[in-house]
Protein chains: 2
Amino acid sequence: MANDAPKVPLENDTLAEVTSDFIFGTMATDELRLAALRERGRGLRHDGAITPRDPQPGEPVTIAVMAGEDVSAARVWVSYTTDGREPGEDSEAVALARTGTAWDTLGWGYRERWAGPLPAQPEGTLLRYRVWARTPAGETVGADRDPETGEPAHFAVAFDRETVPAWLREAVIYQIFVDRFAPGDGGPWRPDQPLDGFWGGTLRGVIDALPYLSDLGVTCLWLSPIFPSPTHHGYDATDYVTIEPRLGTEDDLVALIEAAHHHGMRVLLDFVANHVSNEHPAFLRARHDPDAPERSWFTFRPDGAYRAFFDVATMPQLDPDDPGARAMLIEAARYWLDRGVDGFRLDYANGPSHAFWAAFRRATRAVAPASATIGEVVESAVVQRSYEGRLDGTLDFLLLQQLRAFLAFERIDPAAFHRFLTRHLAFFPADFLLPSFLDNHDMNRFLWVVRGDTRRLKLAALLQFTLPGPPIIYYGTEVGVSQGHDLQYPDGSRRPEESRTPMRWGEEQDADLLAFYRRLIAWRRANVGRLGGERSLRLATPEGGYVSLIGSDLLLAINRSDAPIEVAAPKGGTLALATDERVRLASGILTVPPNAGAIVG
Amino acid sequence: MANDAPKVPLENDTLAEVTSDFIFGTMATDELRLAALRERGRGLRHDGAITPRDPQPGEPVTIAVMAGEDVSAARVWVSYTTDGREPGEDSEAVALARTGTAWDTLGWGYRERWAGPLPAQPEGTLLRYRVWARTPAGETVGADRDPETGEPAHFAVAFDRETVPAWLREAVIYQIFVDRFAPGDGGPWRPDQPLDGFWGGTLRGVIDALPYLSDLGVTCLWLSPIFPSPTHHGYDATDYVTIEPRLGTEDDLVALIEAAHHHGMRVLLDFVANHVSNEHPAFLRARHDPDAPERSWFTFRPDGAYRAFFDVATMPQLDPDDPGARAMLIEAARYWLDRGVDGFRLDYANGPSHAFWAAFRRATRAVAPASATIGEVVESAVVQRSYEGRLDGTLDFLLLQQLRAFLAFERIDPAAFHRFLTRHLAFFPADFLLPSFLDNHDMNRFLWVVRGDTRRLKLAALLQFTLPGPPIIYYGTEVGVSQGHDLQYPDGSRRPEESRTPMRWGEEQDADLLAFYRRLIAWRRANVGRLGGERSLRLATPEGGYVSLIGSDLLLAINRSDAPIEVAAPKGGTLALATDERVRLASGILTVPPNAGAIVG
């Protein structure tokens with residue numbers, strides 16, 4: 001049961017450090033943020049900055065470029081192609097014009113802004129481009145160069161009418177870590193496995209669980225990687241068009257998809273375009289033979305070393321802008337779409353270029369018009385938003401951070417959370433989704449962080465399910481799955497596997513929590529059209545009472561404090577959902593006891 | 001002689017640290033810049049951001065406000081007056097509208113932008129305003145609050161047709177540290193004075209030197225503070241409308257002004273609106289009597305302590321937004337203008353508010369239409385530019401820093417300097433002056449930093465005198481005055497007095513350097529109209545060769561390197577000025593030996 005989750009004598013402050021450290025690995029500390037700001041202030045920078053970010057067919061596009069403190073630009077131009085070729089020296093080009101000078105206090109110097117038009121294109125055009133400057137000394141400098149290779153970045157913009165698929169906008173997503181979800185065929189977990197071992201979950205196990213999932217009410221399954229891989233997590237594939245035998249077969253997957261569809265559920269695969277396993281045959285060929293056709297898929301250094309994901313040698317990094325690597329990835333994605341998959345959760349999506357994703361979405365939509373592309377971009381809001389028009393959305397890591405700060409760590413008060421939330425929603429465009437989550441396979445589970453207090457988990461879920469972005473439930477959260485140990489060990493090591501303990505089934509499930517989640521999901525599915533309204537603050541106490549009005553008639557009350565809160569309900573509103581039976585609505589006054597929450601309307 | 005300046009075994013890197021540390025006292029290090037950026041990212045911030053920055057009569061103004069990560073704003077408004085009263089609760093108000101949300105990576109949060117119109121005003125109106133927000137909890141928050149008192153900042157905008165006086169735009173300014181310039185009446189320096197003692201310079205000494213200054217060619221004198229003060233520098237006055245007796249009398253000043261005018265020279269006083277001496281009678285009264293009318297001129301803390309300039313207790317800080325303090329300061333300024341003074345160099349001008357300076361310029365221009373207001377704003381370019389319409393310009397500390405980095409410390413190469421310079425000039429508007437200087441009374445002299453190498457000083461001066469901003473010569477630079485010791489002592493203490501050694505007269509002067517300065521000044525005065533042209537890079541070698549074309553026909557060559565440089569001269573150009581007799585212009589090719597420079601055209 002949830003409340004059996006181990007209690008650990010950790011200070012909240014320690015947990016806060018650990019968790020925020022982890023969530024934004026490359027942007028966690030001031031030092032890292034500064035390094036990123038500095039890096040983006042140097043050189044010739046474009047960062048995919050076009051206006052509009054998602055142009056329609058025939059719409060002209062303005063491209064913005066910045067010459068950093070260290071770059072003199074006598075002229076700046078964009079070379080582009082519309083026929084699929086890589087833009088090169090002989091491509092068509094448009095000149096940009098100097099538009100202003102900006103001061104940068106952090107870099108203590110000036111930057112120069114350049115801008116100009118990209119020609120409007122007919123529907124369906126993928127315009128590939130690169131940005132260049134000529135220095136007064138006659139050198140050519142490319143924009144957004146790779147710090148190691150000096151290679152300028154690839155950009156692309158798709159002139160299409162694609163929008164976020166309607167089903168995705170309304171989805172309730174369930175994240176399944178396949179090895180840890182269900183062994184299948186009634187089989188038991190494999191005994192005596194270490195945390196990073198193979199516990200025995202399979203695709204057949206997922207199929208067996210479909211009635212449970214359907215009964216829960218979720219409408220979309222996100223499967224953790226299922227391609228062949230030497231690891232339990234699978235984020236290092238050795239192939240992209242077969243299934244890891246431990247997990248099942250292609251037939252199993254097709255059967256799972258068909259059965260899921262039968263239950264009204266979609267299926268997303270976890271897709272890693274950034275890196276492969278060092279046992280991937282293409283990598284082995286590339287590594288041992290400089291003349292191998294796959295050599296250019298990777299980045300080898302003069303000393304024979306190679307670029308790898310966060311320098312983890314078992315995960316050599318692909319160059320998805322390499323035509324061969326790109327074709328392999330896109331063909332694999334199309335292969336699975338042809339087998340009925342409904343789209344992809346895209347691992348480390350800020351690794352591959354914007355150009356790759358523009359091409360990827362265009363290619364996948366061509367074979368599966370309503371297929372989904374959701375990126376994992378653990379980055380600033382500006383970087384996340386830059387994927388508009390290239391992806392359907394990005395996992396909402398910023399919300400995760402603030403929501404945990406509000407309801408788990410109590411580092412921010414309701415007013416600060418409300419401020420964050422309203423600005424966060426205002427910052428992102430309507431046609432870009434921010435799927436929300438309370439935890440995932442890479443961090444401490446929410447229930448662990450709140451020391452097993454399911455009242456807090458219910459509060460967080462209540463808040464999550466009133467957001468416009470589709471909610472994601474990490475498997476088992478709904479039945480009280482927690483952990484045996486913190487991810488962060490006293491010796492400084494970190495074991496994300498701690499949050500990947502096996503799913504609980506049957507008697508082991510927290511029935512009360514599960515019943516709450518069922519009601520919550522049902523409520524959301526019936527009310528999803530009402531969640532896009534403006535959010536106005538009704539109550540924000542420093543102690544943790546938070547009430548906001550969504551649109552004109554939906555009241556959300558979250559009481560994190562030690563005292564009851566009272567608030568006037570919207571006229572004619574009824575108690576739609578409460579986390580606690582002691583919540584009362586009487587004579588138009590909603591009374592919410594400590595650690596409880598409710599929706600009225 | 002200049003080359004007798006003491007050589008010290010200091011590393012350039014050490015000097016670089018010391019100097020940059022000092023020049024930007026509050027913005028010298030990353031840590032300080034970050035602190036400033038963070039401070040400006042919090043709360044409700046306006047920072048005087050209006051468009052246009054210097055509105056003409058009848059021109060509508062847009063005001064921009066930012067609600068920081070920590071401020072929730074339900075509404076934002078501006079209260080204003082046009083009749084001289086302080087804007088208060090009962091003043092007219094205009095509401096601003098939310099215009100956007102911005103992400104701040106450094107603060108890792110969102111800010112909200114608000115904007116709205118200030119009504120256009122007829123000529124001569126001084127519109128005073130303050131900016132407010134109401135939080136959802138019903139609290140009122142003022143913009144740009146004082147971190148200590150919480151008092152919101154005062155702003156003002158003058159709707160006038162004031163522009164930078166033409167004479168100031170064309171001036172060659174000479175900075176006189178009065179106590180160290182000339183004893184007067186042929187008298188000797190006072191013997192055995194410590195560095196911070198009274199050496200005996202007087203206003204009569206300056207009068208005696210007028211023929212020298214006129215012969216040198218300068219057109220404007222800036223006198224260091226001459227009001228009564230307990231210190232040799234005078235930046236802590238005990239009165240604002242009399243003369244320090246050590247330096248002379250009011251009659252002496254009037255005689256000096258008249259004689260200077262007779263020689264075609266203007267006279268600027270150094271004016272400190274930010275703080276006074278702790279011996280100023282107003283401060284003494286305010287300190288000892290809480291009911292004294294001057295009590296509100298200062299900021300006293302509950303424990304009886306008081307706000308002071310950089311916490312130096314002998315310099316209690318004025319609040320120039322206090323009507324009494326403001327009136328005292330403005331009346332004093334007008335008093336001296338009535339006696340013929342041509343304007344002011346305004347010490348620590350970023351201490352007093354924008355509102356004060358708007359009122360100050362309006363009041364001083366009313367009595368002396370062509371009087372000058374030049375601020376010392378040792379701050380970022382953005383902050384300096386915000387004084388457009390309030391001051392005629394700000395001393396060009398950013399140029400100073402880069403020019404020394406280029407020609408003294410050799411920390412940047414010609415391409416980087418040219419990049420800085422062109423962007424710097426583009427960043428500032430045409431009607432805002434950036435007077436240039438190589439050194440002043442608060443830093444190591446340029447000649448000291450280059451270890452007495454007058455060739456380098458000539459190069460720096462050559463570059464300085466081709467800039468559009470009026471050049472300032474710190475007394476004695478033109479005849480080789482240097483120092484006896486670095487400002488920075490090995491024990492970590494800093495003694496700016498090291499750069500205030502007495503002027504050299506007669507045989508002690510470096511005649512060669514002086515002759516060069518005479519030619520340089522004469523050349524500038526004859527060619528000042530040609531210096532606003534665009535600057536294009538002709539040569540930039542990593543070793544230090546730098547040639548740029550100003551406008552269409554003025555070539556500036558600076559050779560900091562160890563090898564000669566050659567460059568084609570503009571057609572028909574002649575050698576206008578050279579720092580070294582070995583410079584050659586033959587067959588249209590300019591040849592510049594190492595450590596030399598020239599102007600062709």
Side-chain angles (χ1 to χ4, degrees), chain A residues 20 24 27-30 32-34 36-38 40 67-74 98 100-112 135-137 379-385 398 401-402 412 415-416 418-428 536-542 548, chain B residues 20 24 27-30 32-34 36-38 40 67-74 98 100-112 135-137 379-385 398 401-402 412 415-416 418-428 536-542 548:
Chain A
S20 62
F24 287 95
M27 301 288 275
T29 63
D30 269 357
L32 290 165
R33 291 170 194 163
L34 275 170
L37 285 172
R38 282 187 211 288
R40 287 165 200 172
E69 286 122 25
D70 58 338
V71 174
S72 305
R98 205 181 263 116
T101 303
W103 170 260
D104 170 41
T105 288
L106 191 60
W108 204 251
Y110 293 101
R111 299 169 180 174
E112 209 171 56
T135 71
E379 250 284 0
S380 75
V382 171
V383 172
Q384 291 193 53
R385 191 173 63 175
L398 287 166
Q401 187 180 38
Q402 298 300 318
I412 60 173
H418 185 76
R419 198 160 54 231
F420 161 78
L421 181 60
T422 49
R423 294 176 185 182
H424 184 56
L425 297 177
F427 185 76
F428 284 88
S536 50
L537 191 63
R538 283 302 175 93
L539 179 78
T541 71
S548 71
Chain B
S20 61
F24 287 94
M27 302 287 276
T29 63
D30 269 356
L32 291 165
R33 290 168 195 162
L34 274 172
L37 285 173
R38 280 185 213 288
R40 287 164 202 173
E69 287 121 25
D70 57 340
V71 174
S72 305
R98 205 180 262 117
T101 302
W103 171 259
D104 170 41
T105 288
L106 191 59
W108 203 252
Y110 293 100
R111 299 169 181 176
E112 209 172 57
T135 70
E379 251 285 0
S380 74
V382 171
V383 172
Q384 290 192 55
R385 191 173 62 173
L398 287 166
Q401 187 181 38
Q402 297 302 317
I412 61 173
H418 184 77
R419 197 160 55 229
F420 161 79
L421 181 61
T422 48
R423 294 176 185 182
H424 185 56
L425 297 177
F427 185 76
F428 284 89
S536 48
L537 191 63
R538 283 304 177 90
L539 180 77
T541 70
S548 71

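Numbers restart at 1 for each chain; the letters A, B, ... are given by sequence-line order, proteins then strands.
In this structure, OG1 in B:T105 is found 7.5 Å from CD in A:E379, a value given to the nearest 0.5 Å. Atom CZ of A:F427 and atom CZ of B:R111 lie 12.0 Å apart (nearest 0.5 Å).
Interface remark: A:R38 contributes side-chain atoms only to the contact with chain B (heavy atom separation under 4.5 Å). In this structure, chain A has heavy atoms under 4.5 Å from both the backbone and the side chain of B:A381. Using a 4.5 Å cut-off between heavy atoms, A:A74 does not touch chain B at all. The part of A:L398 that comes within reach of chain B is its side chain, from C-beta onward, which places non-hydrogen atoms under 4.5 angstrom from that chain. Contact of A:H418 with chain B is not made at all, since no heavy-atom distance falls under 4.5 Å. For B:A102, the part sitting under 4.5 Å from any heavy atom of chain A is the backbone (N, CA, C, O) and nothing else. Contacts of B:L106 with chain A are made by both backbone and side-chain atoms, with heavy-atom separations under 4.5 Å. Interface residue A:V71: only backbone heavy atoms are found under 4.5 Å from chain B.
When the shell of 6.0 Å around CZ of A:R538 is examined, it contains 12 or fewer heavy atoms from other residues, nucleotides or ligands.
Considering every non-hydrogen atom in both B:S72 and A:A415, the closest pair reads OG-O, 4.0 Å.
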Self-check item: A:W108 vs B:Q401, side-chain contact (heavy atoms from CB on, under 4.5 Å): CA-CA, chis, key distance, verdict
Solution: CA-CA 11 Å; A:W108 204 251; B:Q401 187 181 38; 2.7 Å; yes
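Contacts with chain A were tallied for B:I412, B:D70, B:L537; B:D70 has the most, counting heavy-atom pairs under 4.5 Å. Comparing A:G100, A:A67, A:A36, A:A540 by heavy-atom pairs within less than 4.5 Å of chain B, the highest count is held by A:A67. Chain B forms the most heavy-atom pairs under 4.5 Å with one residue out of A:V382, A:T135, A:L539, A:T422, and that residue is A:V382. Comparing A:R33, A:E69, A:R98 by heavy-atom pairs within less than 4.5 Å of chain B, the highest count is held by A:R33. Options A:D104, A:L34, A:V383 differ in how many heavy-atom pairs under 4.5 Å they form with chain B, and the most are formed by A:L34.
A donor atom on one side chain and an acceptor atom on the other are not found under 3.5 Å apart for B:R423 and A:T101.
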